[in-house]
Structures are given as C-alpha cells and as structure tokens.
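Quick note: residue numbers are just sequence positions, from 1.
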Amino acid sequence: MLLCDTMASVDLRDNNLLGISWVDSGWVPILNPGNVLDYFSERSNPFYDRTCNNEVVKMQRLTLEHLNQMVGVEYILLHAQEPILYIIRKQQRQSPTQVIPLSDYYIIAGVVYQAPDLGTVIGSRVLSAVHGVQSAFDEAMSYCRYHPSEGYWWHFKDQEERDAKAKPKSKKKEEPSSLFQRQRVDTLLLDLRSKFPPTFYQPKAGEKPIPVEVKKESEPPVELVKQEEREREPATKTSAPAPPSSKPPPEKRARLQ
C-alpha cells in the first residue's frame, strides 16, 4: 500500500474517495508509461480534476515539460512497473522547483484506486485495535458472575465441561424402608397369595417350573344340605316371640255393698 504524506492545507484536499475504484476495460490491453496519463484523464474518471494544468496543456497540444513552467494542480507519473502497476501523483506546483504533494493514485491491472494518506491509515489501524480490545472486554464481561454473599468470580464454559468430565457420576442413595412399610407389604403379599395361589413353582434357578396341585374342598351332598335346612326351620319358629294382643285390658268395676 502506498502512502501520501499530505502537506497541503484543508482547502486543497480532495473529497474522500478511498471507498471507490474506476476502470475502463478498453484501455487495459494497451496501457504503457506513454499513455497512462491519457488513460487517467478520461472524463469518466472520478479521481481526475478538470481544472488541472494537464488539461490546459492537453487543450493547447503542448508537451508535459511545460508543466514545470506553470503554477497550480498537476498530475505526474511517479512510478511505473510494467505491465501491471502505475503510480500517479497529484501535486500543487508553486514554482519550477517547489511542489506540495496532495494525493497518490495507483493503477493495478487497469483499476484505479486512491492511496490512503498516513493519517487515514493510522486512524484505521487504531479503530481496528480499539474494536478488538472492546470485543475482548465484552467477552470477558460475559464470563463474570456476582452474588451478594459470594462476591465476584469467573464462570467459563470450558471449565464447566472439564469439571463435569472430571467428577464421577454419583449414584443417588436409596432411602431404607421403615418397619411399618415392610410389615404392610408382607401383609399385602400374604393376602394376595391366599386369594391367588401360585399354579407353578421353580425349585432352583434355571429349572423348569412344576405345576402345583390345588386341592379343592369337597362339597357336601345335596341330602345333607336339605336336612340341615329342615332342622333350622322349627328352631326359628319356636324362638320367634308372640305378637302382642290387640285387645285392651279389662276395665275395673266398683263393687256394690
């Protein structure tokens, strides 16, 4: 990158053209040190000043050597590296031996750019450095934590992952059951066993289950059941109380003397 030390006052400086470029593809194949100033003086070039001495010399069909005898803004070819690089300087001529550089322009593969001055380069570098420092502070603040009882500390994501990998996973301890729970469970299991007895049992692990023979209680014969019902009927009749009589008690009559 080329630097141009601007020594002119503020009113001689051009507008900021650092963000644009210009090219004419018709001139690119034929560019050389002899016609590069003619290429730079194209009317569509935003970097070219129409009021410069080069335009006067061109209109009067004079050679570029006459620029040394004039006063004002002019363009000269400062450096040439054929066929890709040409450097053109814009300067303020005050006498044949005294000039003030205003700005430099470099042409790379036919594309014209304005070279930034030293102040612009330093300002850009400082701005980039400040942006990096500000980003570092913002990231650092994102890891800062505070609690009234504990104060300040740093909380990093990588540290949390390392701590999680380092610590073994602790198994949750199962609380032992109480005596009431164990007795209650045993009672429920015995009740279920009596209601739903097992149909198979396995003597040892891995052996085939053996069916369990369930003994059914023998039902009494029908004649005994009928006889028991007959015996119960008179007992119920004798034990039943007599219903109270509905007649009123006899009236007492007075005896005659």
Side-chain angles (χ1 to χ4, degrees), residues 1-140:
M1 184 180 291
L2 299 174
L3 303 179
C4 174
D5 297 330
T6 304
M7 301 172 59
S9 57
V10 178
D11 56 348
L12 294 178
R13 292 181 181 178
D14 293 339
N15 295 330
N16 187 9
L17 300 175
L18 298 175
I20 64 174
S21 62
W22 176 81
V23 63
D24 188 349
S25 58
W27 281 80
V28 175
I30 59 174
L31 274 181
N32 57 65
N35 62 6
V36 68
L37 284 176
D38 295 333
Y39 170 64
F40 190 81
S41 63
E42 284 289 322
R43 293 185 177 275
S44 59
N45 185 8
F47 303 105
Y48 184 68
D49 187 2
R50 304 293 172 198
T51 63
C52 64
N53 294 337
N54 298 65
E55 195 70 15
V56 176
V57 170
K58 184 178 180 180
M59 291 176 62
Q60 296 179 1
R61 296 182 180 181
L62 301 175
T63 60
L64 296 177
E65 296 177 356
H66 290 80
L67 292 174
N68 297 333
Q69 308 300 325
M70 303 176 68
V71 177
V73 179
E74 64 183 20
Y75 293 91
I76 63 169
L77 179 61
L78 184 64
H79 177 74
Q81 184 179 344
E82 295 184 68
I84 191 171
L85 176 63
Y86 302 94
I87 301 172
I88 295 175
R89 170 167 288 181
K90 179 182 181 180
Q91 58 188 11
Q92 177 75 25
R93 180 171 292 279
Q94 297 180 347
S95 67
T97 58
Q98 185 178 3
V99 293
I100 299 175
L102 300 179
S103 57
D104 285 349
Y105 305 92
Y106 54 95
I107 304 173
I108 300 178
V111 184
V112 183
Y113 304 92
Q114 180 176 349
D117 55 82
L118 185 59
T120 304
V121 173
I122 293 176
S124 177
R125 295 294 185 270
V126 171
L127 184 61
S128 300
V130 170
H131 176 71
V133 173
Q134 183 64 35
S135 301
F137 275 110
D138 293 340
E139 185 175 0

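Two residues are said to be in side-chain contact when any heavy atoms from C-beta on lie closer than 4.5 Å; R50 and R43 meet this criterion. The closest side-chain heavy-atom distance from V57 to T63 is not below 4.5 Å. A 4.5 Å side-chain heavy-atom check between L64 and N54 finds at least one atom pair inside the cut-off. Using a 4.5 Å heavy-atom cutoff, the side chains of Q134 and D138 are in contact. Y39 has its side chain out of reach of I30: every pair of non-hydrogen atoms, C-beta onward, lies at least 4.5 Å apart. Contact annotation: the side chain of I20 never approaches that of W22 to less than 4.5 Å [non-hydrogen atoms, C-beta and beyond]. N68 has its side chain within reach of R93: a pair of non-hydrogen atoms, C-beta onward, lies under 4.5 Å apart. V28 has its side chain within reach of V23: a pair of non-hydrogen atoms, C-beta onward, lies under 4.5 Å apart.
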(request) Any chance you could lay out the side chain to side chain donor-acceptor pair (under 3.5 Å) test for S41 and D38, step after step, and finish with the verdict? (result) CA-CA 5 Å; S41 63; D38 295 333; 4.6 Å; no
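When every heavy atom of L77 is checked against every heavy atom of I87, the shortest pair comes out as CD1-O, 3.5 Å. Across every non-hydrogen atom of P29 and S25, the tightest pair is CD-O, 3.5 Å. Residues E74 and V99 approach most closely at OE2-CG1, 4.5 Å, considering heavy atoms.
Aromatic ring pairs are classed by plane angle as parallel below 30°, tilted from 30° to 60° and perpendicular above 60°; the pair F40 and F47 is parallel.
Remark: side-chain polar atoms of S124 are not paired, donor with acceptor, to backbone N or O of T120 under 3.5 angstrom. Side chain of Y105 to backbone of Y48: no donor-acceptor contact under 3.5 angstrom is found.
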